[in-house]
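Please read the structure below before turning to the comments.
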Amino acid sequence: MSGPAVARLAVYAGSFDPVTLGHLDLIERASALFSDVIVAVGVHPTRHPLFSVEERLSMLEEVTKPMTNVSVESFDMLLIDFCRQRQARVIVRGLRAATDFEYELQIAHANADLSPEVDTIFLPTRTKHGFVSASLVREIASHGGDVSRYAPPVVCDLLKKKFVVKK
């Protein structure tokens, strides 16, 4: 890595397909803890997301607009390489349940082995968002259900357009 790292730059990465209120809560909390936060949308060649990368970036840019220290980018490499490239010192990960912890800890250990100068910080999801996942939001929306308790308004509107339910 060339040059000094930005000491308080954090990266919060995910697929955000779509962004949920749980994601937004973690972004807001990370933006209060760190001077700068990159919300990084992972691009995986083997996955088939509901929303394109461009749509997910647009959604995230819209919902994070009030947070002036938050930027949104996509990446198609190892997260740890993205962090090194951006000179980020911290990866922020959300934990919804104990089952998340084992997987996330394994990834954090691998990242620490690959790049010891980058730390992983775990933030527990707020209780009201503990059961919310992007897949749950997609499932409810695909059947015409109301997801306004789980996703920002812009996401709800886009989900309605994706899932036109025939009655």
Side-chain angles (χ1 to χ4, degrees), residues 6 9-31 34 36-88 90-97 100 103-104 107-108 110-111 114 118 120-121 123 125-126 128-167:
V6 177
L9 174 61
V11 173
Y12 175 44
S15 59
F16 305 104
D17 187 37
V19 62
T20 68
L21 291 177
H23 293 134
L24 188 56
D25 177 61
L26 285 172
I27 296 166
E28 288 170 347
R29 290 164 58 205
S31 76
F34 300 99
D36 295 283
V37 176
I38 299 172
V39 179
V41 177
V43 178
H44 302 281
T46 59
R47 291 193 183 164
H48 304 288
L50 176 64
F51 291 99
S52 70
V53 174
E54 294 76 18
E55 289 172 316
R56 289 179 279 158
L57 290 170
S58 178
M59 278 187 267
L60 282 160
E61 286 167 357
E62 179 67 27
V63 299
T64 62
K65 207 180 287 184
M67 294 169 260
T68 58
N69 64 331
V70 173
S71 61
V72 178
E73 298 182 37
S74 64
F75 71 102
D76 63 355
M77 61 184 80
L78 287 176
L79 175 58
I80 201 69
D81 290 338
F82 179 79
C83 290
R84 278 194 289 230
Q85 193 178 80
R86 296 301 186 273
Q87 297 184 318
V90 176
I91 296 170
V92 174
R93 299 299 297 168
L95 297 174
R96 290 177 297 193
D100 289 346
Y103 170 77
E104 293 292 346
I107 300 300
N111 285 337
L114 292 168
V118 179
T120 299
I121 303 292
L123 288 177
T125 304
R126 300 275 189 220
K128 65 183 175 181
H129 302 301
F131 66 95
V132 179
S133 67
S135 58
L136 175 73
V137 169
R138 286 192 311 268
E139 180 67 20
I140 293 169
S142 74
H143 294 285
D146 178 13
V147 294
S148 62
R149 291 185 305 282
Y150 313 125
V154 65
V155 174
C156 294
D157 292 343
L158 290 168
L159 283 165
K160 285 177 188 169
K161 290 175 186 169
K162 287 278 183 186
F163 298 115
V164 178
V165 179
K166 297 174 179 92
K167 297 197 181 210

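All values derive from a computational prediction rather than experimental measurement. The chain is numbered in sequence order, starting from 1.
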Using the side-chain contact (heavy atoms from CB on, under 4.5 Å) rule, take Val53 and Asp76 through it: C-alpha gap first, then chi angles, then the decisive distance, then the call. CA-CA 11 Å; Val53 174; Asp76 63 355; over 6 Å; no
Is any side-chain heavy atom of [X] closer than 4.5 Å to a side-chain heavy atom of [Y]?
X: Val72; Y: Thr64; answer: yes
X: Glu73; Y: Phe82; answer: yes
X: Leu50; Y: Leu159; answer: yes
X: Thr20; Y: Tyr150; answer: no
X: Asn111; Y: Val118; answer: no
X: Met67; Y: Leu24; answer: yes
X: Val41; Y: Ser15; answer: no

Can you tell me how far apart [atom1] ([X]) and [atom2] ([Y]) are? Round to the nearest 0.5 Å.
X: Phe75; Y: Cys83; atom1: CZ; atom2: SG; result: 8.0 Å
X: Ile91; Y: Ile107; atom1: CD1; atom2: CD1; result: 10.0 Å
X: Arg86; Y: Leu9; atom1: CZ; atom2: CG; result: 9.5 Å

What are the two closest non-hydrogen atoms of [X] and [Y], and how far apart are they?
X: Leu26; Y: Gly94; value: CD1-CA, 3.5 Å
X: Ser74; Y: Val43; value: CB-CG2, 4.2 Å
X: Val147; Y: Val137; value: CG1-O, 3.6 Å
X: Arg138; Y: Pro18; value: CG-CD, 3.7 Å
X: Leu21; Y: Ala151; value: CG-N, 3.6 Å
X: Ala40; Y: Phe16; value: O-CE1, 3.5 Å

Donor-acceptor check, side chain of [X] to backbone of [Y], threshold 3.5 angstrom: yes or no?
X: Ser133; Y: Leu136; answer: yes
X: Ser142; Y: Glu139; answer: yes
X: Arg56; Y: Phe51; answer: yes
X: Arg93; Y: Thr120; answer: no

If you count the non-hydrogen atoms of other residues, nucleotides and ligands that lie under 6.0 Å from NZ in Lys128, is the total more than 12?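 No, not enclosed.
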Is it true that Glu55 and Lys162 make a salt bridge, defined as a side-chain N closer than 4.0 Å to a carboxylate O? yes
Among Val92, Leu123, Thr125, Val37, which one satisfies side-chain contact (heavy atoms from CB on, under 4.5 Å) with Arg29? Leu123
Test salt bridge (charged side-chain N to carboxylate O under 4.0 Å, His left out) on Glu28 and Arg126; report intermediate values, then the result. CA-CA 12 Å; Glu28 288 170 347; Arg126 300 275 189 220; over 6 Å; no
